[in-house]
Amino acid sequence: MPELPEVEVVRAGLAEHVAGRTIAAVEVLHPRAVRRHEPGPADFAARLGGMRIDSVRRRGKYLWLEFATGVDDTDDAAHAAHAAHAALLAHLGMSGQMLVQPASAPDEKHLRVRLRFADDGTELRFVDQRTFGGFALSELLEVEGEALPRTIAHIARDPMDPAFSATHAARALRSKRTELKRALLDQTLVSGVGNIYADEALWRSKLHWARPTEKLTAAQADAVLAAATEVMAEALIAGGTSFDPLYVNVNGQSGYFDRALNAYGRVGEPCRRCGAPIRRDEFMNRSSFSCPRCQPTPRRRR
DNA sequence: GTGGCAGAACGAG
DNA sequence: CTCGTTATGCCAC
């Protein structure tokens, strides 16, 4: 469920189901799922044992678990003190799911990592068909007064962040010399926006994906960011966007924002604003959906 | 059958 | 900065 609203649905589900629980054992069923953890799967599993989950955080499309600083008395003190400064960073990639399941439930076909808890209740499973996602332990750093895993220190604040500055983000967009949609997808300018919500934000603000960022007016940059913020907030209320069982929350339930999409995936269908058939363009080896009338192709693309 | 396409991000050139 | 790669499955042709 990979864009901000879907990841936030997962974060909230994790906060509800795993916060406060102590990890008892970690099983890595596919090493690729922890490839970003340099010391390897065995180290990954060993370091998580005994850790008590304090909170579940998110920036953009990344999630992480922070751990209580208390040392579990069953653990080696030095190891626990070291591990307390690390977070369990997760990215869902294209097809990752976090599922909270009874231990008795049969393993999913693409089960990659299992976290068992000391309370013997439900377990947390990372299921990922394409294994573009995965976990890593990442040291927490202080960045602008907030603890952030080192690995994602380059990721910009997302529009749901209380400290997000639309002015700052608009300036960042306009300072690039690229196409508008590329800039929207650049997680170092504004995070959380992916292919669906970029197309929806562009449709709402009536801007074409190939508009050169350096020629945007401040009002246009503000408008597209406001549209992105708005559409993601609406999607979050709907539980995220899902067309198929791949995108589900920790209970396996789908969101229903797909019904509210105006551009994404609607090639050939009438624009809900003007009736013109939605077009599909190839863009960065993926698709871009837009209204040919509401979002005219700019004279000068980049 | 098979080619095209899928919500992402990293790293090579 | 842009492109290709990573990996698996599904759907339309």
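The figures here come from the full heavy-atom set of this structure, side chains too, leaving out hydrogens, waters and symmetry mates. Order of the sequence lines sets the chain letters (A, B, ...), proteins ahead of strands, with each chain counted from 1.
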Summary of protein contacts for nucleotides 8-13 of chain C, nucleotide by nucleotide, where a base hit scores B, a sugar-phosphate-only hit scores S (4.0 Å, heavy atoms): BS----
Any side-chain heavy-atom pair of A/Arg279 and A/Thr297 under 4.5 Å: yes
Gap between atoms CD and C1', on A/Gln187 and B/dG11 respectively (whole Å): 17 Å
Integer-rounded Å distance: C/dG4 P and A/Phe283 CZ: 14 Å
Sidechain N-carboxylate O distance under 4.0 Å for A/Arg11, A/Glu6: no
A/Asp186 CG - B/dC10 P separation (whole Å): 11 Å
Verify stack between A/Phe132 ring and B/dA9 base, 5.5 Å, 30 degrees: no
OP1 or OP2 of B/dC10 under 4.0 Å from side-chain N/O of A/Arg36: no
Pair A/Glu66 + A/Arg57: basic N to acidic O under 4.0 Å: yes
Given B/dC5, B/dA8, B/dC10, the nucleotide with the shortest approach to the side chain of A/Glu282: B/dC5
Touch class at under 4.0 angstrom, heavy-atom based, for A/Arg32 against every strand present: sugar-phosphate
Parallel, tilted or perpendicular, as decided by the 30° and 60° cut-offs, for the rings of A/His91 and A/Tyr62: perpendicular
Residues A/Glu214 and A/Arg174 bridged, charged N to O under 4.0 Å: no
Verify same cluster id: A/Met284, A/Val190 (apolar side-chain graph, 4.5 Å): yes
Length of the CD-P vector between A/Glu179 and C/dT2, whole Å: 7 Å
A/Asp158 and A/Lys61 ion-paired at < 4.0 Å: no
Given DNA chain C, 5'-ward residue of the pair A/Asn285 and A/Lys176, judged by closest heavy atom: A/Lys176
Interatomic distance where CG belongs to A/Leu92 and C1' belongs to C/dA7 [whole Å]: 16 Å
Sugar-phosphate only, base, or nothing, as touched by A/Tyr197 at under 4.0 Å among non-hydrogen atoms: nothing
Separation of B/dA9 P from A/Leu4 CG (nearest whole Å): 11 Å
Cation-aromatic face contact A/Arg273/A/Trp203, 6.0 Å, 45 degrees: yes
Pairwise P distance for C/dG4 and B/dG4, with rounding to whole Å: 14 Å
Interatomic distance where CD belongs to A/Glu38 and C1' belongs to B/dC10 [whole Å]: 13 Å
Touch class at under 4.0 angstrom, heavy-atom based, for A/Arg35 against every strand present: nothing
Rounded interatomic separation in angstrom, taking CG from A/Leu63 and P from B/dA9: 12 Å
Any A/Ser287 side-chain N or O less than 4.0 Å from OP1/OP2 of B/dA6: yes
Sugar-phosphate, base or nothing in reach of A/Phe257, heavy atoms under 4.0 Å: nothing
